Chemist: 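Before anything else, here's the structure in question.
Protein chains get the first letters and strands the later ones, always in sequence-line order, with residue 1 at the start of each. Everything numeric here is computed off the predicted structure, so don't read it as measured data.
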Amino acid sequence: MPDQITITLPDGTRQSFPRGVTGHEIAASISGGLARQALAVKVDDQVWDLHRPITKDARVQILTWNDPEGRQTFWHSSAHLMAEALEALYPGVKFGIGPAIEQGFYYDVDLGGRKIGPEDLAAIEAKMQELARQDNRYVRREVPKDEAVAYFREKGDEYKLELLEDLRDGEITFYTQGGFTDLCRGPHIPSTRPIKAVKLTNIAGAYWRGDERRPQLTRIYGITFPKQKELDEYLERLELARQRDHRKLGRELELFTFSNKVGPGLPMWLPKGAVLRETLMNFLKEEQLKRGYQPVVTPHIGRLELYRTSGHYPYYKDSQFPPMLLREEGDDGEEEGYLLKPMNCPHHTQIYADKLHSFRDLPVRLAEFGTVYRFEQSGELGGLTRVRGFTQDDAHIFCTPEQVKDEFKNVIDLTLTVLRALNFDDFKAQISLRDPSDADKYIGTPEQWDAAEQAIREAAAEMGLEAVEEKGEAAFYGPKLDFMVKDALGREWQLGTVQLDYNLPERFDLTYIGSDDKRHRPVMIHRAPFGSLERFVGVLIEHCGGNFPTWLAPVQVAVLPIGQDVEAYAGDVGARLRAAGLRVEVDTRNEKVGYKIRQAEVQKVPYMLIVGQREQEEGTVAVRRHGRGNEGAVPLEAFLRRIREEMAEEQAGRRAETSAP
RNA sequence: GCCAACGUAGCUCAGCUGGUAGAGCAGCUCACUCGUAAUGAGCAGGUCACCGGUUCAAGUCCGGUCGUUGGCUCCA
């Protein structure tokens, strides 16, 4: 064996190093700065400790704080540091698992009957910082299984013992830093020193191994940074997120509300929120008409038999409101009654089945803003993003297998139109494919699936839509294309969805007559560009921080007379704008104009028109754009042209005009 | 559904180790008639989420219920 190995760096350069070289040594050979910043090293596709010897040819990348995997390693090591602090403060504490997460880390611990609350976190943080300053190295050690078992048996940590049961001898490693040793696969950063800023963010209960029959452990969440400044920035971002929280803005802007008396998870739209919602719906209705959709309307309930046929009842009984029973179990052993609809598709199949369809009729596109009710688990409810009653911008397309690709293109075009009109520039498309190793799970033939998956792929490509493919993510009844949207704070939400369905046409025995004069099975496509109006508006509020594009703003123009002597003129301005189709409020309250401006600014009204004697004499309005301040007086007609033009451009997605928050 | 924290006026929040509630904003009234982010004064507003217990006495302590939030689990 040669004593030299070849290391390939990310830029493609190859260098020879002595066998057993460490990531740290490679970093040092590149630059002293890199060696100081290095947290871990990626060897081929695995992240390793910086001081672990590399013994064969490999691709090597030095990981720093700037690499996601570097931060993960940093946070994983921070979890160990927190565990060390907990052991110091609460002797006898037992440990579950303590991984890094997207933003920070947590550790599940058993405090043995002791309780800790948010007030204890500061002490733990202080202890962590004290320990971090000791600059203790994270030392990796391979441990025989019996020795590992003996260690945790002695320590009395049954959780680690259970974890050990699943591990094979020879694959077990311990990591020790300072006085704390943990069963851990690693990797870790070289020492505790880089952990400078510590914030423990939350305490929550979590079952051991996610199993509700197992003991409940205390999960402590935290995040750490190499610099205090970065922690400060992180906390600032969190504060910003709170400012944009749709629940807070929804109340402040009077968009929606909840009432205990109505019930949890059942949102009510206030007048301003309802305007917003209707404006969105009208926009989509127009776009759908352009694309060959036909509106339909169906009732809010359906017979249980309908949902037995569709397969939704009783299979999804747990997440449905209990049925309205007319008859308990009858002779056939089945109850009879009605169900509040959890989906619109069964109703739509019956509209399709209302008449005999020729292949010449297809595709049939049935669209409805259908309100559905699902009994989400109480712990899942939250704001508008998870509710029990919501309206889907639902449509079902019945088509031939050959038409699937064009229909997907049509829907992609529609969805992109919607996203552009709302300034969602940063979205992700995901094609969910079947898991080829589990063919039995799926309805339809492999040939059908291959064709459908290929059709979706091609549709996305031809529409210029970059989509990631996820194998095994498809539903049992068909592949799908989902749109995930990031809000302004980088959180990801699934909104729009397009799903192919082989199942329902089969279950409802839907047919069309082909050119061969025989009956054929149509394919069904479920699609919803918004997904649910409720969730979509919730995400939209957070995306724009309540500063809606002008075409959507509940109040588009506030007319603010300076004194009572110009109220008549203000009223006239308001009337003319309203006649032009704008949503206008005229503020004739007996207040100073500064106060009225503040009110309109706080309510995030896009345009304020201040009118006084001067404007009245000249037939002008003094325009003030939300967040920007006074822009001077213009004739009312000029303002009307401006705002109309702006809204048209916004809807076409040509302008990303958002006023300052 | 499970765990934890929380629940005081429409909103945001005070209320120490138990001694029957307080501010700001919003609302109403009055005065001021005002030129680009809060005019002043006054008034009114609470079964302290609900139910039960401990106590001479409960917003405060204990138990339960409901709700909210954060997690866990689930999501046609």
Chemist: What contact category does A:E631 fall into here, base, sugar-phosphate, or nothing, at under 4.0 angstrom with non-hydrogen atoms?
Modeler: nothing
Chemist: Given B:rA4, is OP1 or OP2 found less than 4.0 Å from the side-chain N or O atoms of A:Y106?
Modeler: no
Chemist: What nucleic acid atoms does A:G594 come within less than 4.0 Å of, heavy atoms only: base, sugar-phosphate, or nothing?
Modeler: sugar-phosphate
Chemist: When you measure only distances, ignoring hydrogens and angles, does the side chain of A:E254 come within 3.5 Å of the base of B:rG10 through a donor and an acceptor?
Modeler: no
Chemist: Kindly check if the number of other-residue, nucleotide or ligand heavy atoms within 6.0 Å of CZ (A:R576) is above 12?
Modeler: no
Chemist: Distance check, C1' atoms only: B:rC51 and B:rG59, in whole angstrom units.
Modeler: 16 Å
Chemist: Given 3.5 Å as the limit, does a donor-acceptor pair link the side chain of A:R244 with the main chain of A:G546, or not?
Modeler: no
Chemist: Does B:rC30 pair with anything, Watson-Crick or G-U wobble, both distances under 3.5 Å, and if so, with which nucleotide?
Modeler: B:rG40
Chemist: Does A:K199, at its NZ atom, have more than 12 non-hydrogen atoms belonging to other residues, nucleotides or ligands within less than 6.0 Å?
Modeler: no
Chemist: Need to verify one output field. Residue with the more 5' nearest nucleotide on RNA chain B, A:R251 or A:F476?
Modeler: A:R251
Chemist: Among the nucleotides B:rG70, B:rA76, B:rC74, which one has an atom lying closest to any side-chain atom of A:R386?
Modeler: B:rC74
Chemist: Please work out if A:Q599 contacts a base, only the sugar-phosphate, or nothing of the nucleic acid, heavy-atom cut-off 4.0 Å.
Modeler: nothing
Chemist: Paired with B:rA23 by Watson-Crick or G-U wobble geometry, both distances under 3.5 Å: which nucleotide is it?
Modeler: B:rU12
Chemist: Please give the distance between the C1' atoms of B:rU60 and B:rG71 as a whole number of Å.
Modeler: 29 Å
Chemist: Identify, between A:Q320 and A:G383, the residue whose nearest nucleotide on RNA chain B lies closer to the 5' end.
Modeler: A:G383
Chemist: Can you tell me how far P in B:rU55 sits from the matching atom in B:rA14, rounded to whole Å?
Modeler: 32 Å
Chemist: Could one point to a donor on the side chain of A:R219 or the base of B:rC3 with an acceptor on the other under 3.5 Å away?
Modeler: no
Chemist: Does B:rC74 have its OP1 or OP2 closer than 4.0 Å to a side-chain nitrogen or oxygen of A:R374?
Modeler: no
Chemist: Could you check whether A:E407 pairs with A:R527 (Lys NZ or Arg NE/NH1/NH2 to Asp/Glu carboxylate O, under 4.0 Å)?
Modeler: no
Chemist: I need the CG-C1' distance between A:N202 and B:rC6, as an integer number of Å.
Modeler: 12 Å
Chemist: Within this structure, what is the NZ-to-C1' distance between A:K261 and B:rC50, rounded to whole angstrom?
Modeler: 12 Å
Chemist: Okay, side chain of A:W449, backbone of A:I443: is any donor-acceptor separation there less than 3.5 Å?
Modeler: yes
Chemist: Remember a base hit wins even if backbone is also touched, and classify A:L381 as base, sugar-phosphate or nothing at under 4.0 Å, heavy atoms.
Modeler: sugar-phosphate
Chemist: Using atom C1' in both nucleotides, what's the gap between B:rA21 and B:rU47 to the nearest angstrom?
Modeler: 13 Å
Chemist: Over how many whole Å does the gap from A:D245 atom CG to B:rC11 atom C1' extend?
Modeler: 15 Å
Chemist: Which nucleotide in the list B:rU39, B:rG35, B:rA76 gets nearest to the side chain of A:K592?
Modeler: B:rU39
Chemist: Is it the case that B:rA76 (base atoms only) and A:S310 (side chain only) share a donor and an acceptor within less than 3.5 Å, ignoring hydrogens and angles?
Modeler: no
Chemist: Say we look at B:rA44 and B:rA4: how far apart would their P atoms be, to the nearest angstrom?
Modeler: 44 Å
Chemist: Starting at CZ of A:R589 and ending at C1' of B:rC28, how long is that distance when rounded to a whole Å?
Modeler: 14 Å
Chemist: Say we look at B:rG7 and B:rC11: how far apart would their P atoms be, to the nearest angstrom?
Modeler: 14 Å
Chemist: Side chain of A:Q564 only, please: which of B:rG35, B:rU33, B:rA37 is the nearest?
Modeler: B:rU33
Chemist: Using whole Å, what does the distance between atom C1' of nucleotide B:rG67 and atom CG of A:L266 come to?
Modeler: 13 Å
Chemist: Under 3.5 Å, is there an N or O donor on one side and an acceptor on the other linking the side chain of A:N590 and the base of B:rC34?
Modeler: yes
Chemist: Is the NZ or CZ atom of A:R625 both under 6.0 Å from the centre of the six-membered ring of A:Y607 and within 45° of that ring's axis?
Modeler: yes
Chemist: Would you say the base of B:rA76 stacks on A:Y316 (centre-to-centre below 5.5 Å, plane angle below 30°)?
Modeler: yes
Chemist: Need one value for A:Q613: base, sugar-phosphate or nothing, where a base atom within 4.0 Å counts as base even if backbone is also close, heavy atoms only.
Modeler: base
Chemist: In whole Å, measure the gap between the P atoms of B:rU8 and B:rC61 for me.
Modeler: 15 Å
Chemist: With A:I610, which of A:V566, A:I597, A:V621 fulfils side chain to side chain contact (heavy atoms under 4.5 Å, CB included)?
Modeler: A:I597
Chemist: With heavy atoms under 4.0 Å as the rule, sort A:A600 into base, sugar-phosphate or nothing.
Modeler: nothing
Chemist: Among B:rG71, B:rC75, B:rA37, which is the nearest nucleotide to the side chain of A:I597?
Modeler: B:rA37
Chemist: Please determine, for the side chain of A:Q377, which listed nucleotide (B:rA76, B:rG27, B:rC74) has the closest atom?
Modeler: B:rC74
Chemist: Look at the rings of A:Y316 and A:H312 and say which category their plane angle falls in: under 30° parallel, 30 to 60° tilted, over 60° perpendicular.
Modeler: tilted
Chemist: B:rG70 phosphate, OP1 or OP2: any side-chain N/O from A:R247 under 4.0 angstrom?
Modeler: yes
Chemist: Looking at A:S378, I'd like to know whether one of its side-chain N or O atoms comes within less than 4.0 Å of OP1 or OP2 on B:rG1.
Modeler: yes
Chemist: From OH of A:Y221 over to C1' of B:rC3, roughly how many Å is that when rounded to an integer?
Modeler: 11 Å
Chemist: Need the pair for B:rC6. Rule: Watson-Crick or G-U wobble, both distances under 3.5 Å, any strand; none if unpaired.
Modeler: B:rG67
Chemist: Rounded to the Å, how far apart are A:L340 CG and B:rA76 C1'?
Modeler: 16 Å
Chemist: Does A:Y442 have A:R434 sitting over its ring (NZ/CZ under 6.0 Å from centre, angle to axis within 45°)?
Modeler: no
Chemist: Given the C1' atoms of B:rC50 and B:rU68, what is the spacing between them in whole Å?
Modeler: 15 Å
Chemist: B:rU12 P sits how many Å from A:L249 CG, rounded?
Modeler: 13 Å
